[in-house]
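Comments concern the structure below.
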Amino acid sequence: MHIAVIGAGIVGTCTAAWLQRDGHQVTFFDPLEPGESCSFGNAGSLSPSACLPVGMPGMWKRVPQWLLDPLGPLNVRWRYAPVVLPWLMSMLRHSSREEVTRIARALRNLLEPIFDCYTPLLTHANAKQLLRKTGCLYVYSSREAAEKWAWGMNLRRSLGVELVDVEREELEDLEPDLKGRFRFGILAPENGSTPDPSALVKAIHAQCIADGASQVRLRVIGFDLQGSQVHALRTEDHQNVPIDGVVLAAGAWSGQLAAQLGSRVPLETQRGYHVTVTSSNLVLKHTVMASENNLMVNPMAMGLRLAGTVEFAGLKALPNYARAESLLQQGRELFPHLNTSAFTQWMGHRPCLPDSLPVVGRVREAENAWLAFGHGHMGMCMGASTGREVAHLVAGRTPQVDLSPFSPERF
């Protein structure tokens, strides 16, 4: 079959690579270079332990305080508030203990095979060096402070996540540059990261091209449907491109196209910011999650990346780089000896659904169209496993992961 993959980010690229393993001909449709947008700017985490949703029990109590702080972990621009308020209310409805447990179980199933799903793709692309399994450290100012997150950590453990308590002395042995600020940690040894998320996507994409895929640098604006089949894509230059099937993996830009296929899902963009300190003198062996600061720190090939802020303002508003500067300030406070003389800033659109679960499944009204978007801040974590499961769906095989929680029809 000739399959069109709309989107050349991590999800679309991995999906294409898995489809090629089944012998399909693939054409990418994306006006951007592969590995840009969120696939460029994410924190690079590859974490089987990252199975907790954004909305957690009791979070509603903290939301008003966050919203009053323009540089806090969650911000809604006032002009966009009427648009996003129903979505936020839906997210809070999914934050009960029962719902969080259900969601975490589904996410864990899709996250657990991260390395099994990436390894064959990166081996084939001769890029295994872009995958490292060095573990993640959740760090706290004290063991008592860590108790605030104990319910979520225990939920992870109940789902099979290996988590190891690390006392102060051992923590400082593991990461000497954390000395003085953190006195307790929890190690997730099965976690990993990539030193360059954009390079990882580009490597897999380049191998897809080498294996016969093609790339059309145009935006898809619609579909030619005949009965229950998509026969062609309509592009922004008014072309009709015949296809045998289509996978929609266009991230935050997927909602309108999905609606044209008959699947209306409440897709939002969580605008994420990062700072990459290119002058970093910090030596870290692990990805570090400073939970009390909602700050993820990842040593990368290009420097030390600091990420962990969310803003709701839609797809068109200009970035507020003061939010990125606040991340840098947190980095300075947590690591007083960090050299921050040179750094870069970035803002990108994370495609999110109110229950923190992506949409992965076939379109009900088009038997040769599949959806794969809405992975939030975990697209890099779930990209390869999503691609594998979509390939199973296209081939008519039983998926290896229960995809019912990710159904496009759940809304």
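Here the structure is a predicted model, which means the values were calculated and not measured.
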Original post:
Does the pair Met289 and Asn294 meet the rule for a side-chain contact (heavy atoms from CB on, under 4.5 Å), with working shown?
Top reply: CA-CA 7 Å; Met289 180 64 195; Asn294 196 38; 3.8 Å; yes
**OP:** Starting from the C-alpha separation in whole Å, work towards a yes-or-no answer on side-chain hydrogen bond (donor to acceptor under 3.5 Å, both in side chains) for His2 and Thr27.
**Re:** CA-CA 8 Å; His2 176 205; Thr27 300; 2.7 Å; yes
Subject >> Steps toward side-chain contact (heavy atoms from CB on, under 4.5 Å) verdict (Leu187, His286) >> reply: CA-CA 9 Å; Leu187 174 66; His286 305 80; 3.9 Å; yes
**OP:** Go through His375 and Thr386 one step at a time and tell me if the side-chain hydrogen bond (donor to acceptor under 3.5 Å, both in side chains) criterion holds.
**Re:** CA-CA 10 Å; His375 293 74; Thr386 295; 2.9 Å; yes
Subject >> side-chain hydrogen bond (donor to acceptor under 3.5 Å, both in side chains) evaluation trace for Gln215 with His205 >> reply: CA-CA 10 Å; Gln215 173 84 44; His205 184 275; 2.6 Å; yes
**OP:** Walk me through it: do Asn339 and Val277 pass the test side-chain contact (heavy atoms from CB on, under 4.5 Å)?
**Re:** CA-CA 8 Å; Asn339 179 356; Val277 183; 6.0 Å; no
**OP:** Determine, step by step, whether Arg181 and Ser141 satisfy the side-chain hydrogen bond (donor to acceptor under 3.5 Å, both in side chains) criterion, reporting the C-alpha distance in whole Å, the side-chain angles of both residues, the deciding distance to 0.1 Å, and the verdict.
**Re:** CA-CA 6 Å; Arg181 291 288 172 172; Ser141 59; over 6 Å; no
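With a 4.5 Å cut-off on side-chain heavy atoms, Leu353 and Val265 count as touching. Looking at heavy atoms from C-beta onward, Thr340 lies in side-chain contact with Leu328 at the 4.5 angstrom threshold. Pro57 places a side-chain heavy atom less than 4.5 Å from the side chain of Trp151. Put simply, the side chain of Arg388 does not reach to within 4.5 Å of the side chain of Thr15, judged on heavy atoms. At least one side-chain heavy atom of Asp196 sits under 4.5 Å from a side-chain heavy atom of Ser198. Side-chain atoms of Asn368 and Val246, non-hydrogen and from C-beta on, never get closer than 4.5 Å to each other. Residues Val216 and Val241 fail the side-chain proximity criterion, which asks for heavy atoms closer than 4.5 Å. Side-chain atoms of Pro358 and Leu110, non-hydrogen and from C-beta on, do get closer than 4.5 Å to each other.
A distance below 6.0 Å separates the ring centres of Phe312 and Trp87. Note: Tyr138 and Trp149 fail the aromatic proximity criterion, with ring centroids not under 6.0 Å apart. Checked against the 6.0 Å centroid criterion, the rings of His231 and Phe223 do not qualify as a close aromatic pair.
A parallel orientation is assigned to the rings of Trp346 and His274, their planes being inclined by less than 30° (bins at 30° and 60°).
Partners of Phe184 by ring pair (Phe, Tyr, Trp, His ring centres under 6.0 Å), not counting sequence neighbours: none found. With sequence neighbours excluded, no residue satisfies salt bridge (Lys or Arg N to Asp or Glu O under 4.0 Å) with Glu162.
Of the possible polar contacts, none joining the Ser47 side chain to the Ala50 backbone as a donor-acceptor pair under 3.5 Å is found. Side chain of Thr119 to main chain of Asp116: no donor-acceptor pair is present (N/O by atom type, distance under 3.5 Å, no hydrogens or angles). Without hydrogens or angle criteria, Asn298 side chain to Thr287 main chain gives no donor-acceptor distance under 3.5 Å. With hydrogens and angles disregarded, no donor-acceptor distance shorter than 3.5 Å links the side chain of Thr276 to the backbone of Leu304. In this structure, Gln25 contributes its side chain and Ile3 its backbone to no donor-acceptor pair below 3.5 Å. A donor-acceptor pair under 3.5 Å links the side-chain atoms of Ser254 to the main chain of Gly251, judged by distance alone. A donor-acceptor pair under 3.5 Å links the side-chain atoms of Ser279 to the main chain of Ala342, judged by distance alone. Listed for the Asn42 side chain is no donor-acceptor partner under 3.5 Å among the backbone atoms of Pro197. No side-chain donor-acceptor contact under 3.5 Å links Asp22 to the backbone of His24. Checking side-chain atoms of Arg156 against main-chain N and O of Leu163 turns up no donor-acceptor pair under 3.5 Å.
Ionic pairing of Asp402 and Arg102 is not present here: no N-O contact between side-chain nitrogen and carboxylate oxygen is shorter than 4.0 angstrom. Between Arg410 and Asp355, at least one side-chain nitrogen of the basic residue sits less than 4.0 Å from a carboxylate oxygen of the acidic one, meeting the salt-bridge criterion. Using a cut-off of 4.0 Å between Lys/Arg side-chain N and Asp/Glu carboxylate O, Arg350 and Glu268 are scored as not salt-bridged.
Within the structure, every pair that satisfies the salt bridge (charged side-chain N to carboxylate O under 4.0 Å, His left out) test and touches residues 359-387, not counting sequence neighbours, is listed here: Arg364-Glu409. Each side-chain hydrogen bond (donor to acceptor under 3.5 Å, both in side chains) pair with one or both residues in residues 103-113, not counting sequence neighbours, appears once here: Arg108-Glu190. Listed by first and then second residue, the salt bridge (charged side-chain N to carboxylate O under 4.0 Å, His left out) pairs involving residues 290-314 are Arg77-Glu311, Arg271-Glu311 (not counting sequence neighbours). Judged as a salt bridge (charged side-chain N to carboxylate O under 4.0 Å, His left out), not a single pair has a partner in residues 81-96 (not counting sequence neighbours).
Nearest heavy atom pair, residue Leu111 against residue Cys381, reads CD2-CB, 3.5 Å. Closest approach of Leu261 and Ala369 over heavy atoms only: CD1-CB, 4.2 Å. Of all non-hydrogen atoms in Thr194 and Met300, the two that sit nearest each other are O-CE, 4.1 Å. Here the closest non-hydrogen pair linking Ala8 and Thr13 is O-OG1, 3.4 Å. Considering all non-hydrogen atoms of both residues, Leu357 and Ala106 come closest at CD2-CB, 4.0 Å. Counting all heavy atoms, side chain and backbone alike, Asn191 lies closest to Pro48 at OD1-CD, 3.1 Å.
Shown here is Met89, whose CE atom has no more than 12 heavy atoms of other residues, nucleotides or ligands within 6.0 Å.
Side-chain polar atoms of Gln270 and His377 form no donor-acceptor pair below 3.5 angstrom.
A side-chain contact (heavy atoms from CB on, under 4.5 Å) with Ser158 holds for exactly one of Asn154, Leu155, Val161; it is Leu155. Among Val394, Leu121, Val390, Val26, the one residue that satisfies the side-chain contact (heavy atoms from CB on, under 4.5 Å) test with Trp18 is Leu121.
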